[in-house]
Every structure is written in C-alpha cells, then in structure tokens.
Amino acid sequence: MNIIDFVSPTTIVLIVALLLAVLVATRGIRTVPQGEVWTVERFGAFTGMLNPGLNFIVPFIDTIGRRMNVQEVVLDIPEQSVITRDNATVAVDGIVYYRVMDPAKAAYAVQFLEQALTALSMTNIRAVIGEMDLDQTLSSRDRINSQLLSILDGATDPWGVKIARVEIRKIEPPENLIRAMNLQMTAERERRATVAKAEGEREAEIKRAEGAKQAQILEAEGRLEAAKRDAEARERLAQAESNATRMVGEAASGAGTDALRYFIADKYVKAFEVLAGNTAQKLVIVPMESSALAGGITQAMELLRGPDGQAPPRTPRPPASPAPEVPSPWTPR
C-alpha cells in the first residue's frame, strides 16, 4: 500500500506551495550587516545596492553580486627596498588607511581592490623616496606621508575609494650604513662638544679679564679718591696751621709777647719734668743749652711777678716724686 493513497491531492498541493513559499522567501529576503553594502545583479548586470538591514530582491532573478566593506580599512604595505637619489638602499614599509565611498565603483571599476591599492602604494613610495637623498628620507617622514596621501587619493578616486591617511612605518638603512651614520653622529657630537667647551673657556677668559680690569679700575679710583682726600686733609691742616700761626703772631705782636714767653717756658719745664720723671729711664740727657733752661725759668718767674715786683702767691703743690738716680760714670758697678 502506497503512502500517496493516504494523502489527498489537496494536501500535496499545499505542501508543495509551502515549500515553494519557503524557497522564495529564502531567495528573496536578504539581511545586510552594518558596515557592509551588497550589490545586486540581474543576469550578471549591476542593478542596485542593498544597505544594512532587511532587504528584498526578486527571487531567482536578482542575485547578490559583491559584498563591500564600507568601514575604514587598514592596509598593511609590505616592506620593500628603495634606492634614494644618492644611491643608498633603505628598507621601507607603511600603512594605508582607506574607505570605500562608492561601493559600485569599488566593486566593478577595479579588480582585487586591496591588491591594487597595495601595488599602487608600493610604487609611489619608491617614486617619492627615489627623489630624495638619504638624509632627507630619514628626516622628512611627514613630507613623504603628505606626498603619498595626495598621490594615492587622486589615483584611487576613480575606484570610489578615499585614502584617509598614509603612514611610513619604517625607513631603515643597511647595517653598514647605520654604522657609518653612528660614527658620523659620534664625530659630530664630539666636534660640537669641543666647540662648546672652547667657547665656554673663551667666555670664561673674557669674564676673568673683564673682572681683573674692573678690579684694577676700582683700585685706581680708590687710590685717586684717597689721594684727593689726603691732599684735601693736608690743605686743611696747612690752612689751620696758617690760621693758628697768624693768630699767635697777632697775639704776640702786642702785649702778648710776655704771655708767649711764659707759655714757652712752661712747656719747656713740663717737658723736662716728663723726661726726668720717667722711672724706666736710667740716663737723662740734659741739653747743652742749660743756661737757656735757667733763662727760660727766670723769664717765666719774671712774668709771674706782679706789676709791683712781688711774687705771686704760691699754691700748694703735691710732693714731687724723687728724682731718678743718675749713675755716675766713676761709680764702680
């Protein structure tokens, strides 16, 4: 007994219709993830695009063509050897950041987009660095990046691709060239250190000379100022002595002659008392003009006498200290 005998024709039609509906839904409904855009082809020709989300196409007629990633993509440029303008070989690699702006162009205007971008980047890196010397290549990385960005962005515009950024990751000379550069750098630093040391010593010598010069100037100015002050002091002293001499002369020109003699005699006696009263002095030298001493004392006494010829009243004097004993040259020692 066959199973068809138990299923009615209506049921079979319903089952076939259900299977056909499922197959149509499967072929006509498409869900596109975020960050991607799918192209739709009808009999092999591009007809439209499916954006992220739920989309419907004509089953069995429309098909999904290319699934394009519209996010920013990082493309790694492999390392390659590049010859600079001065025939130095350097190893260079980099990174290119790009984004598909027109999925239709990126899908159908170029074949193997990433491969094309890689080849285009490598050739332009060689072209840009080949126009530079080695020193410029090592020191102008930003300039290289800018030039590559401008060139690649213009070249990939027909592909519907926008180059966002280009970064040269490595520029490495060969080992022997690195050693030579290190030696050159070391020599240059030693030269700079020597020049800096010489300049420092020169400035120090100049400073020391200026300091010595300033010290000598200050010393000379000090001597000049001291000499001026000494001259001024001598002038004032001479002026004072002149004034004093004039005043003494004026005082002695009249009746002050006797008073002058008295003061001279008094000074004379006091000086002799000091000379004779020195206990440490064992030898007293008496001037040869002893008569002058006596005459001076007589004159002083005459001056002290009053106008009536009487001696002035004596004032009590303190007991005089014993006169020092003058050893006699004939006394045996």
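If you're wondering where the values come from, they're calculated on a predicted model, not measured in any experiment. Excluded from the calculations below are hydrogen atoms, water molecules and symmetry mates; all remaining heavy atoms, backbone and side chain alike, are included. In what follows, residues are counted from 1 in the order of the sequence shown.
Thr11 and Ser8 share a donor-acceptor pair across their side chains, judged by distance under 3.5 Å alone. Side chains of Arg126 and Gln80: a donor-acceptor N/O pair is present below 3.5 angstrom, by distance only. Residues Arg179 and Asn176 have side chains that never bring a donor and an acceptor to within less than 3.5 angstrom of each other.
The environment of Glu188 atom CD is dense: over 12 non-hydrogen atoms of other residues, nucleotides or ligands sit within 6.0 angstrom. When the shell of 6.0 Å around CD of Glu114 is examined, it contains 12 or fewer heavy atoms from other residues, nucleotides or ligands. The neighbour count for Ile83 CD1, taken as heavy atoms of other residues, nucleotides or ligands under 6.0 Å away, does not exceed 12. More than 12 heavy atoms of other residues, nucleotides or ligands shown are found within 6.0 angstrom of CZ on Phe60. Enclosure of atom CZ in Arg27 is not indicated, since only 12 or fewer non-hydrogen atoms of other residues, nucleotides or ligands lie within 6.0 angstrom. Around CD of Glu79, the count of heavy atoms belonging to other residues, nucleotides or ligands within 6.0 Å exceeds 12. Residue Lys170 places its NZ atom among more than 12 non-hydrogen atoms of other residues, nucleotides or ligands, all under 6.0 Å distant.
By the 4.5 Å heavy-atom criterion applied to side chains, Glu72 and Tyr97 are counted as neighbours. Side-chain contact between Leu50 and Val40 is present, with heavy atoms from C-beta onward closer than 4.5 Å. With a 4.5 Å cut-off on side-chain heavy atoms, Met132 and Arg143 count as touching. Side-chain contact between Gln136 and Arg85: present, with at least one pair of heavy atoms (C-beta onward) separated by less than 4.5 Å.
A salt bridge links Asp76 with Arg169; the closest basic N to acidic carboxylate O contact falls under 4.0 Å. A salt bridge is absent between Glu232 and Lys228: the closest approach of a Lys/Arg side-chain nitrogen to an acidic carboxylate oxygen does not fall below 4.0 angstrom. Using a 4.0 Å cut-off between charged nitrogen and carboxylate oxygen, Lys213 and Glu210 do not count as a salt-bridge pair. Salt-bridge check for Glu219 with Arg223: passed, with a basic side-chain N closer than 4.0 Å to an acidic carboxylate O. The pair Arg202-Glu199 does not meet the salt-bridge criterion, since no charged nitrogen lies less than 4.0 angstrom from a carboxylate oxygen.
Here the shortest heavy-atom pairing between Pro103 and Met68 reads O-CG, 3.9 Å. Scanning both residues, Ala88 and Leu177, for their nearest heavy atoms gives CB-CD2, 4.1 Å.
The cluster map of Ile, Leu, Val, Met, Phe, Trp and Tyr, joined by side-chain heavy atoms under 4.5 Å apart, puts Ile168 and Ile77 in the same cluster. When the side chains of ILVMFWY residues are joined at heavy-atom separations under 4.5 Å, either directly or via intervening members, Met122 and Leu113 end up in a single hydrophobic cluster. One hydrophobic cluster, built from ILVMFWY side chains closer than 4.5 Å, holds both Phe46 and Val70.
Under the salt bridge (charged side-chain N to carboxylate O under 4.0 Å, His left out) test applied with Asp153, the options Lys162, Arg99, Arg165 reduce to a single match, Lys162.
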